[in-house]
Protein chains: 2
Amino acid sequence: MKRTSHNDKPCGIAQTLGIIGDSWTMLILRNCFMRTRRFDDFQHQLGLTRHVLTDRLKKLVDYGILKKVPYGESGKRYEYLLTHKGKSLAPVFMAMSNWGNEWLFEDSNAPTLYKHQACGQVMQPVMSCSCCGGVVDSSNVKMTMGHAVQETMKQEPEERWDAVLGFSPAQNFEKNNNS
Amino acid sequence: MKRTSHNDKPCGIAQTLGIIGDSWTMLILRNCFMRTRRFDDFQHQLGLTRHVLTDRLKKLVDYGILKKVPYGESGKRYEYLLTHKGKSLAPVFMAMSNWGNEWLFEDSNAPTLYKHQACGQVMQPVMSCSCCGGVVDSSNVKMTMGHAVQETMKQEPEERWDAVLGFSPAQNFEKNNNS
DNA sequence: TATTTTAGGTTCCAAAAAGGAACTTGTCAA
DNA sequence: TTGACAAGTTCCTTTTTGGAACCTAAAATA
């Protein structure tokens, strides 16, 4: 009766969720991005129990998202630092905080702000197309999931580029209409 | 000894994680994007237990991410459809699957593909700046978290635009180096 | 019309994970 | 040498999952 693992599913989303798909892991990483590095700092800032923290840090190190680096004279104390693989999660955080800012807070009260070094402006992170540079959102992108996932969903070939991301206008809903 | 809630934390990331911060919720939504709408379809495709599914669908409806729409003659059977709020999570999924494709699979074997309707190309989703349109990644963006979060982290004002996202070059790490 | 299947759950139980708190082991600093 | 700090580990209790069976109403089929 082991808890279900998503790590063997043939889908980038499922496998990613197998790694970061719990709230403590993501909050630990959020604090890594905010320069927290040490066990007790994570524990005090986040308020999670020590053995959950131990477990999550170990997994993140095993996955290569954090690295455990000795510091101090003795070499028996460690800091947890983001690897390149870990830093590459930045767009996931940006997308999440942008969604949270838009839907969970008043616009004027957004708790997370980003500043783009290249242009110096406070900005919103926008998904764009690697080919044409245009904005990509749920109204103008289609996605396909790879054959293995398709088969578990029993989709026909002609449906494979038809995820809801590219829904028809009739199925759009108003903002703030959740009835 | 209730499980910790992140919904009251003054941070868009924490609150978002309070809502979608578990792996089943995100996989349910992934399947919503793939046009799954009905209870039993979710259950068979994902293989989760029925009462976890009941619980997650209810929460997603309560949060306004899904809407429960009657169908059929009697009006006593329901479909779960993404609201606008739910569809707005598309960038989070794109960022996650893009990270998974890059770090968890061989390049040639990426299980999730995106096609941009505007230009017709298979594309990668790229985070860009709403002001200048340039690429935004961990090397050229800084982030700040809002005063309330800063206070829990005891950061000084001058550190507030200094999240690791904009780390110094000396602290970069090689891809595939997780030692 | 009677029976079966489908949809959307609920109930029950055992196992796993999370929370709370105290305890350990080694370092450092006064 | 005493006390505080860092990084865990251990013990115990409560919540959540997983697995499977059961329930009720609506639709389909024979």
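An OP1 or OP2 oxygen of dG9(C) is reached within less than 4.0 angstrom by a side-chain nitrogen or oxygen of K68(B). At the phosphate of dG18(D), OP1 or OP2 sits under 4.0 Å from a side-chain N or O atom of W24(B). OP1 or OP2 of dC28(C) has not a single side-chain nitrogen or oxygen of Y71(A) nearer than 4.0 Å. Applying the 4.0 Å criterion to OP1 and OP2 of dG8(C), one finds that R37(B) has every side-chain N and O outside that range. Side-chain nitrogen and oxygen atoms of T54(A) include none within less than 4.0 Å of the OP1 or OP2 phosphate oxygen of dA7(D).
Between the P atom of dC5(D) and the NE2 atom of H44(A) lies a distance of 10 Å, rounded to the nearest Å. In this structure, CG of D55(B) is placed 17 Å from P of dG8(C), rounded to the nearest angstrom. Spacing between atom CD of E79(B) and atom C1' of dT6(C) amounts to 14 Å, rounded to whole angstrom units. One atom, CG of D22(A), and another, C1' of dA17(C), lie 11 Å apart when rounded to the nearest Å. In this structure, F39(A) atom CZ and dT27(C) atom P are separated by 18 Å, rounded to whole Å. With rounding to whole Å, Y78(A) atom OH is found 12 Å from dC28(C) atom P. Atom pair L48(B):CG and dG19(D):P shows a separation of 10 Å (rounding to whole Å applied).
Two residues, G72(B) and H51(B), neighbour DNA chain D, and the one matched to the more 5' nucleotide by heavy-atom proximity is H51(B). With the nearest nucleotide of DNA chain D identified for both L57(A) and G47(B), L57(A) has the one nearer the 5' end.
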Should S97(B) and Y114(B) be marked as a side chain to side chain donor-acceptor pair (under 3.5 Å) after you check the CA-CA gap, both sets of side-chain angles, and the distance that decides it? CA-CA 10 Å; S97(B) 68; Y114(B) 292 95; 2.8 Å; yes

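In this structure, the side chain of D137(B) does not engage the main chain of S88(A) through any donor-acceptor pair within 3.5 Å.
Electrostatic pairing of D41(A) and R37(A) does not count as a salt bridge here, judged by no charged N lying under 4.0 Å from a carboxylate O.
Both V61(A) and W24(A) belong to a common hydrophobic cluster when Ile, Leu, Val, Met, Phe, Trp and Tyr are linked at side-chain heavy-atom distances under 4.5 angstrom.
Within 3.5 Å, a donor on the side chain of R50(A) pairs with an acceptor on the base of dA7(D), or the reverse. Judged by atom type and distance alone, R77(B) reaches the base of dA26(D) through a side-chain donor-acceptor pair under 3.5 Å.
Each of H51(B), K58(B), K59(B) was evaluated against D55(B); a single residue qualifies, K59(B), per the side-chain hydrogen bond (donor to acceptor under 3.5 Å, both in side chains) test.
Within the nucleic acid shown, F42(B) has no heavy atom closer than 4.0 Å to any nucleic acid atom.
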